[in-house]
Protein chains: 2
Amino acid sequence: MELPIKISQQSREPIYHQIENQIKALIASGQLQTGSPLPSIRALSKDLEVSVITTRRAYQDLEYQGFIQTLQGKGTFVADINPALKQEMKHDSVSQALSQAIDTAVQHNYSKKQIKELFQSLLDSRGDL
Amino acid sequence: MELPIKISQQSREPIYHQIENQIKALIASGQLQTGSPLPSIRALSKDLEVSVITTRRAYQDLEYQGFIQTLQGKGTFVADINPALKQEMKHDSVSQALSQAIDTAVQHNYSKKQIKELFQSLLDSRGDL
DNA sequence: TATACTGTGTATATAGATATAAACAGTATA
DNA sequence: TATACTGTTTATATCTATATACACAGTATA
């Protein structure tokens, strides 16, 4: 079972962190339901072409945070998460991402109008929306 | 002379990289003009409460990329950069930041409408714009 | 029961990021 | 000329991230 996640090697964010964030997004948005199995750490490491230690680290963090649970010999499954928490996670993550992008634009001396226009044009040119 | 840059310790992006990006933004947007002096690596390290090695790394990378030049004993100065290049840098950096934020929203299954609304509300609640 | 998978623990190694410290060389000013 | 600044070099150290490898223990299936 493949997860729709992608790793950017040029990003300065650690790989395991990228994996974590993307799995969280899938869970928070309901694309991964409670109880559904995740790929094994070995399978995921092959998919993403990273080492098992890296995928394992991501899963460990997610488990520590309560998003997944792993059973030795069986695998790893999405945990049961309060829907209100999911909503909050969604909102927080997306808000933070957008805010940071606005920060970057402001740092570059973009006006409100310019930011809005560029954003609109980028949003409109997305083929997946 | 203090630079209006801030370091986020929780960000997973290396500190020197954060410094680089923010100085680039200042140069690209004209907030730092050709020839103007940057704070010494020691002064900057004190301002930002990071080590000299870290600020030096940022300055070295910026120099390698042609944005600044340093003279031993004198200090570090903004280089002369083609205005077209500045424009391109601005546009690329801001576009990339906004695109990545949209990616995050999409990962969280946000619709175009939701993204737009959240963005608008975040933009409107900015006190600095 | 053997095989193929699962997670867990451990080891070794390398690269990157960052801290602190000291010394050297160059510049500027009182 | 001494002092205070500037960048440069070097050293030591620690932590983090990631790679590869191996072995152990648990589960599932043919």
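Order of the sequence lines sets the chain letters (A, B, ...), proteins ahead of strands, with each chain counted from 1.
Atom-to-atom, NZ of A:Lys46 to C1' of C:dT6 comes out at 13 Å; the value is rounded to the nearest Å. With rounding to whole Å, B:Glu20 atom CD is found 11 Å from C:dT18 atom P. Taking atom NE2 of B:His17 as the reference point, atom P of C:dA17 lies 9 Å away to the nearest angstrom. The distance from atom CZ of B:Arg12 to atom P of C:dG16 is 18 Å, rounded to the nearest whole Å. In this entry the distance linking CD of A:Gln60 with P of C:dG7 reads 11 Å, nearest Å. Between the CD atom of B:Gln18 and the C1' atom of C:dT18 there is a distance of 13 Å, given to the nearest Å.
Applying the 4.5 Å side-chain rule to ILVMFWY residues, one finds that B:Ile53 remains a lone member of its cluster. When hydrophobic residues (I, L, V, M, F, W, Y) are linked wherever their side-chain heavy atoms come within less than 4.5 Å, the members clustered with B:Leu71 are B:Phe77.
Scored by the side chain to side chain contact (heavy atoms under 4.5 Å, CB included) test, A:Leu129 finds A:Leu123, A:Arg126, B:Ile102, B:Val106, B:Lys112, B:Ile115 as partners (sequence neighbours excluded). Scored by the salt bridge (charged side-chain N to carboxylate O under 4.0 Å, His left out) test, A:Arg42 finds no partners at all (sequence neighbours excluded). The ring-ring contact (aromatic ring centres under 6.0 Å, His included) test applied to B:Tyr16 returns no partner, not counting sequence neighbours. Under the side-chain hydrogen bond (donor to acceptor under 3.5 Å, both in side chains) criterion, B:Gln31 pairs with B:Ser29, not counting sequence neighbours.
Each ring-ring contact (aromatic ring centres under 6.0 Å, His included) pair with one or both residues in residues 110-129 of chain B, not counting sequence neighbours, appears once here: A:Phe119-B:Phe119. Residue pairs meeting the side-chain hydrogen bond (donor to acceptor under 3.5 Å, both in side chains) criterion with at least one member in residues 58-70 of chain A, sequence neighbours excluded, are A:Glu20-A:Gln65, A:Lys24-A:Gln65, A:Arg57-A:Asp61, A:Glu63-A:Thr70. For the salt bridge (Lys or Arg N to Asp or Glu O under 4.0 Å) condition, no pair includes a residue of residues 84-101 of chain A, sequence neighbours left out.
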For B:Lys116 and A:Gln120, run side chain to side chain contact (heavy atoms under 4.5 Å, CB included): C-alpha distance rounded to whole Å, both residues' side-chain angles, the deciding distance at 0.1 Å, then the answer. CA-CA 8 Å; B:Lys116 194 171 167 193; A:Gln120 189 62 60; 3.0 Å; yes
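Mapping heavy-atom proximity under 4.0 Å, the span of DNA chain D touched by chain B runs 5' to 3' from D:dT6 to D:dA17.
Across all strands shown, B:Arg57 has heavy atoms under 4.0 Å from sugar-phosphate atoms exclusively, and none from any base.
Where A:Gly73 and A:Arg56 each meet DNA chain C at their nearest nucleotide, the meeting point lying more 5' is that of A:Gly73.
For the OP1/OP2 pair of C:dT8 and a distance below 4.0 Å, the side-chain nitrogens and oxygens of A:Thr70 include at least one atom meeting the criterion.
In this structure, the helix from C:dT1-D:dA30 to C:dA30-D:dT1 shows an angle of 10° between the axis at its start and the axis at its end, each fitted on 5 base pairs and rounded to 10°.
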Hey, what are the protein-to-nucleotides 19-23 of chain C N/O distances that come in under 3.5 Å?
| from | atom 1 | to | atom 2 | distance (Å) |
| --- | --- | --- | --- | --- |
| C:dA19 | OP2 | B:Ser51 | N | 2.7 |
| C:dA19 | OP2 | B:Ser51 | OG | 2.8 |
| C:dA19 | OP2 | B:Thr54 | OG1 | 2.3 |

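Residue B:Ile68 is grouped with residue B:Val50 when hydrophobic side chains (ILVMFWY) are merged at heavy-atom distances under 4.5 angstrom, including chains of intermediate members.
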